[in-house]
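We name chains A, B, ... by the order of the sequence lines, and we start the count at 1 in each one.
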Protein chains: 2
Amino acid sequence: MTGSSPDRAGRATRRKRRPSGAVTIKEIAALSQVSSATVTRALQGHPRVRPETRARVERAAEALGYRPNHAARTLATGASKTIGLLLPSTGDRYWGEVVEGIEDAADDAGYSVLLATSHGDAARSRRMLDLLLSKRVDGMVIAARREVEEALTHAELPVALVRVGPDAELDDGDVEAVRTLPDDRLAGWLEGRRLGDLAPGVIGFDDVSAATLAVEHLVGLGHRRLAFVGAGNRRSAALRVAGFRQSTGRAGVESAAVVASSDRLADSHAAALDLLGAPERPTGIVAYDDMVALGAIRAARTLGLRVPEQVSVVGIDDIDVAAFLEPPLTTVRQPKREIGRLAAIALFEALGSGTPSPGRALRGELIVRGSTAPPPGHDAADEAR
Amino acid sequence: MTGSSPDRAGRATRRKRRPSGAVTIKEIAALSQVSSATVTRALQGHPRVRPETRARVERAAEALGYRPNHAARTLATGASKTIGLLLPSTGDRYWGEVVEGIEDAADDAGYSVLLATSHGDAARSRRMLDLLLSKRVDGMVIAARREVEEALTHAELPVALVRVGPDAELDDGDVEAVRTLPDDRLAGWLEGRRLGDLAPGVIGFDDVSAATLAVEHLVGLGHRRLAFVGAGNRRSAALRVAGFRQSTGRAGVESAAVVASSDRLADSHAAALDLLGAPERPTGIVAYDDMVALGAIRAARTLGLRVPEQVSVVGIDDIDVAAFLEPPLTTVRQPKREIGRLAAIALFEALGSGTPSPGRALRGELIVRGSTAPPPGHDAADEAR
DNA sequence: CACGTCGATGTAAACGTTTACATGGCTTGC
DNA sequence: GCAAGCCATGTAAACGTTTACATCGACGTG
């Protein structure tokens with residue numbers, strides 16, 4: 001205040017632009033007596049910078065508390081180091097873990113994750129896609145065929161497709177067709193499906209082998225009459241039914257009923273009631289997933305049948321409480337976190353090389369707990385031969 | 001090729017910069033015969049643009065498939081329209097739903113969500129914080145005291161703090177202290193804690209009233225001997241214990257045992273075994289959360305006690321399978337999605353007004369299912385008086 | 001010793017927006 | 001009929017980086 005002329009003061013307030021307040025490379029440049037270009041080079045680890053200069057710049061950056069402005073960098077380089085995630089939801093037990101896997105892999109690769117959920121709504125899904133593209137994500141991991149195709153055609157953006165659990169696809173399943181397909185055409189149908197699942201950039205769960213694992217476990221215990229209780233008309237359901245039919249056929253199991261139901265517990269409960277109330281009831285049930293398995297167990301109880309002594313039940317998924325249920329649930333674990341990781345890794349490979357990496361269907365792992373046992377009247381010695 | 005001179009060809013290839021390939025406002029400007037400034041104004045809905053001009057611009061933008069470059073906008077305006085989310089994890093059943101609530105609210109407000117998980121690791125947490133700041137998020141929703149304080153002191157950034165379930169705070173609980181606190185000092189302790197929970201920008205679950213709801217439900221059914229089975233030395237556990245003690249005291253319930261345990265199922269199972277094996281066993285148990293409740297139910301079964309006929313159990317949380325357990329679990333629901341929504345809304349209010357909005361502790365909702373009933377030998381008529 | 005080379009650094013343009021200020025043309029009030 | 005003012009639009013700077021190209025000195029070679 002003391003000696004400043006009115007003119008000076010007037011000019012000083014005539015700031016052109018709102019200042020962001022953050023430290024920029026110019027300030028580092030000034031403090032360390034180099035140009036801003038050298039600051040960039042020093043901080044980026046460019047080889048042709050004198051070690052002594054680099055040290056000086058780094059010290060200045062540290063002292064000023066410099067934090068690079070990522071928006072500016074994105075603008076200059078064209079790469080945002082951010083990937084988009086477009087999923088039906090993030091809150092349920094399926095996607096949450098997948099998200100974690102993706103986020104982990106992204107972090108390892110130096111990328112951030114921008115989140116968007118579609119809630120299964122096509123319009124919202126398109127809006128979110130636009131938003132992510134607008135934010136200039138370098139690539140995307142998404143989870144629904146429609147959206148993929150749009151992303152791939154409208155934008156030239158690397159994409160990985162992740163396919164897990166019941167939400168993966170809402171309506172392109174074909175459960176009824178698979179249920180009634182003649183045995184001799186089953187293998188062909190499966191072959192065609194598998195190829196689709198292994199398209200480049202598609203990482204998913206191997207639904208077919210999951211059902212197979214469940215069947216083989218029950219057959220190994222001595223069961224000879226099995227049934228599958230399904231849920232919804234989803235692609236994953238169709239594949240599990242196909243796996244069930246194929247493996248029961250291979251094992252020569254007497255009769256293999258397949259009961260479709262919606263994914264509501266009440267519905268699967270009712271379906272299982274029908275199934276278990278029949279005179280020639282199955283001794284083993286493969287459920288579409290753990291929730292359906294819960295419905296089946298409850299149905300058995302309703303009918304006064306004990307699990308696993310009279311009826312064995314295998315789920316698919318391994319939800320977090322599976323081990324704590326009564327009885328603890330035997331199930332085929334979906335490696336959700338791993339699927340997320342691999343999807344992200346596939347994306348980063350595509351980002352690096354420009355060509356999408358091959359798809360993979362990850363096999364589940366059978367986890368034997370307390371809901372399965374040899375069928376009633378089965379002598380363990382029979383099994384040994 | 002036909003008529004171009006070598007010079008021309010040479011010059012043509014001398015592109016200065018990698019082209020991003022995307023449509024920019026300049027191209028729209030050219031097509032619609034206006035300047036780029038007018039394009040911006042037209043697209044932003046600026047009032048002083050002739051409707052006819054606006055229409056022309058919009059048509060051009062549409063025709064070219066324009067998608068604004070968000071990085072450039074962020075650089076120019078200083079606002080990224082993105083918020084950061086820093087949570088311990090996103091995959092478990094607690095945080096997943098909270099994330100959904102946050103994402104919903106963010107979408108409504110026109111913001112995107114950048115995801116980061118700390119896995120409870122302080123170093124990673126700091127790194128993620130730096131990353132989010134570097135990406136110039138406009139604000140953050142975070143979930144752990146340490147990180148908040150850092151964010152608030154180092155950066156001048158609006159922050160909302162969300163506090164839910166067991167992961168909210170790892171180690172600043174004080175269960176043992178609350179367990180042994182003299183009755184007359186309980187109210188004072190609670191008062192102090194509550195104030196902290198209601199600090200500006202803090203949205204959380206009302207642990208105290210959740211325990212109270214559970215106790216009142218059991219007392220209402222006629223129970224006179226209650227116990228609390230806790231898990232871990234967490235802040236939330238301490239608060240629930242305090243709520244339990246306060247409400248049992250108020251109801252004049254005979255003896256109110258409090259058993260602490262870790263959060264592992266085996267541990268809570270063991271603790272409940274001790275409790276229920278004693279001669280003067282409680283007839284009603286309030287569990288720290290639904291998983292602990294599961295452990296308690298299993299313990300009762302182990303001892304040959306039937307739930308709810310001989311022992312009632314109330315959980316807290318309402319996990320997704322709670323309704324499908326055997327018996328269906330009576331519990332106090334945590335409004336996780338709502339907590340997420342409100343946290344995000346609090347953040348946006350702070351972003352708008354500059355002052356953080358007041359904190360809130362959301363009350364849970366008692367959901368009565370099958371794991372609670374009047375105590376053995378209790379006549380329903382007794383209750384009526 | 002002159003010349004080409006290479007290594008370290010500086011200069012300035014470019015990325016795609018937004019926005020303060022400038023500039024005309026048209027209305028309006030006298 | 002003319003000045004004042006407003007309205008629609010244009011001009012150009014600014015946001016904070018990166019990077020192609022220029023520069024400048026030191027060094028080795030013939």
Side-chain angles (χ1 to χ4, degrees), chain A residues 11 13-30 32-57 60-61 64-81 133-136 138, chain B residues 11 13-30 32-57 60-61 64-81 133-136 138:
Chain A
R11 180 138 9 108
T13 52
R14 205 165 158 260
R15 273 259 196 69
K16 269 278 189 162
R17 199 80 165 200
R18 66 231 111 33
S20 90
V23 180
T24 73
I25 53 170
K26 304 220 163 150
E27 299 172 45
I28 300 179
S32 56
Q33 317 258 43
V34 293
S35 72
S36 61
T38 302
V39 172
T40 291
R41 283 188 284 251
L43 263 31
Q44 300 286 317
H46 191 288
R48 288 214 243 286
V49 172
R50 211 149 34 112
E52 169 188 321
T53 309
R54 185 191 309 280
R56 195 150 34 91
V57 169
L64 293 172
Y66 172 69
R67 227 187 304 263
N69 182 325
H70 223 276
R73 186 175 287 173
T74 298
L75 188 57
T77 62
S80 62
K81 282 294 185 176
L133 289 172
S134 194
K135 300 244 167 166
R136 292 300 188 270
D138 295 335
Chain B
R11 176 132 20 103
T13 52
R14 206 165 157 259
R15 272 259 196 70
K16 270 276 191 164
R17 199 78 166 201
R18 67 230 112 33
S20 91
V23 180
T24 72
I25 52 169
K26 303 221 163 149
E27 298 172 48
I28 300 179
S32 55
Q33 316 257 44
V34 292
S35 73
S36 61
T38 301
V39 172
T40 292
R41 283 188 283 251
L43 263 32
Q44 299 288 317
H46 191 288
R48 289 215 241 286
V49 172
R50 207 147 37 112
E52 169 187 323
T53 309
R54 185 190 309 279
R56 193 148 36 89
V57 170
L64 294 173
Y66 171 68
R67 227 188 305 263
N69 182 326
H70 223 277
R73 187 174 287 175
T74 298
L75 188 56
T77 62
S80 61
K81 282 292 185 179
L133 289 173
S134 192
K135 300 243 168 166
R136 293 298 187 270
D138 295 335

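- As a whole-Å value, the separation of B:Arg54 CZ from D:dC7 P is 15 Å.
- Distance, B:Lys135 NZ to D:dT17 P: 14 Å, rounded to whole Å.
- Checked by distance alone, A:Arg67 brings no side-chain donor or acceptor within 3.5 Å of a matching partner on the base of D:dG16.
- Residue-to-nucleotide proximity on DNA chain D shows that, of A:Ala37 and B:His46, the 5′-proximal contact is made by B:His46.
- Residue A:Ile28 contributes atom CD1, which lies 14 Å from atom C1' of D:dT18 at whole-angstrom precision.
- In this structure, B:Val57 and B:Ser32 approach most closely via the heavy-atom pair CG2-OG, 3.8 Å.
- Contact between the side-chain N/O atoms of B:Arg50 and the OP1/OP2 oxygens of D:dT9 is found at a separation under 4.0 Å.
- Look at CZ on A:Arg41: it is 11 Å from P on C:dA8, rounded to the nearest Å.
- Under a 3.5 Å cut-off, the side chain of B:Thr38 and the backbone N or O of B:Val34 do not form any donor-acceptor pair.
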Trace of the side-chain contact (heavy atoms from CB on, under 4.5 Å) decision for B:Tyr66 with B:Val39: CA-CA 11 Å; B:Tyr66 171 68; B:Val39 172; over 6 Å; no
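- At least one donor-acceptor pair under 3.5 Å links the side chain of B:Arg54 to the backbone N or O of B:Ala42.
- One can place CG of B:Leu75 at 12 Å from C1' of C:dA14, the figure rounded to the nearest angstrom.
- B:Ile25 has its CD1 atom 12 Å from the P atom of D:dG10, to the nearest Å.
- In this structure, A:Thr40 does not reach the D:dT17 phosphate: none of its side-chain N or O atoms is under 4.0 Å from OP1 or OP2.
- Contact annotation: A:Arg73 does not reach the phosphate of D:dG16 (side-chain N/O to OP1 or OP2, under 4.0 Å).
- Taking 4.0 angstrom as the limit, A:Thr24 places none of its side-chain polar atoms (N or O) nearer than this to OP1 or OP2 of D:dG16.
- A heavy-atom distance below 4.5 Å is not found between the side chains of B:Arg73 and B:Lys81.
- Across all strands shown, A:Thr53 has heavy atoms under 4.0 Å from sugar-phosphate atoms exclusively, and none from any base.
- Between the NZ atom of A:Lys26 and the P atom of C:dG10 there is a distance of 14 Å, given to the nearest Å.
- Using a 4.0 Å heavy-atom distance criterion, A:Arg48 is classed as a base contact.
- In this structure, A:Ser35 reaches the C:dG10 phosphate: one of its side-chain N or O atoms is under 4.0 Å from OP1 or OP2.
- Following rounding to the nearest Å, B:Gln33 (CD) and D:dG10 (C1') show an atom-to-atom distance of 14 Å.
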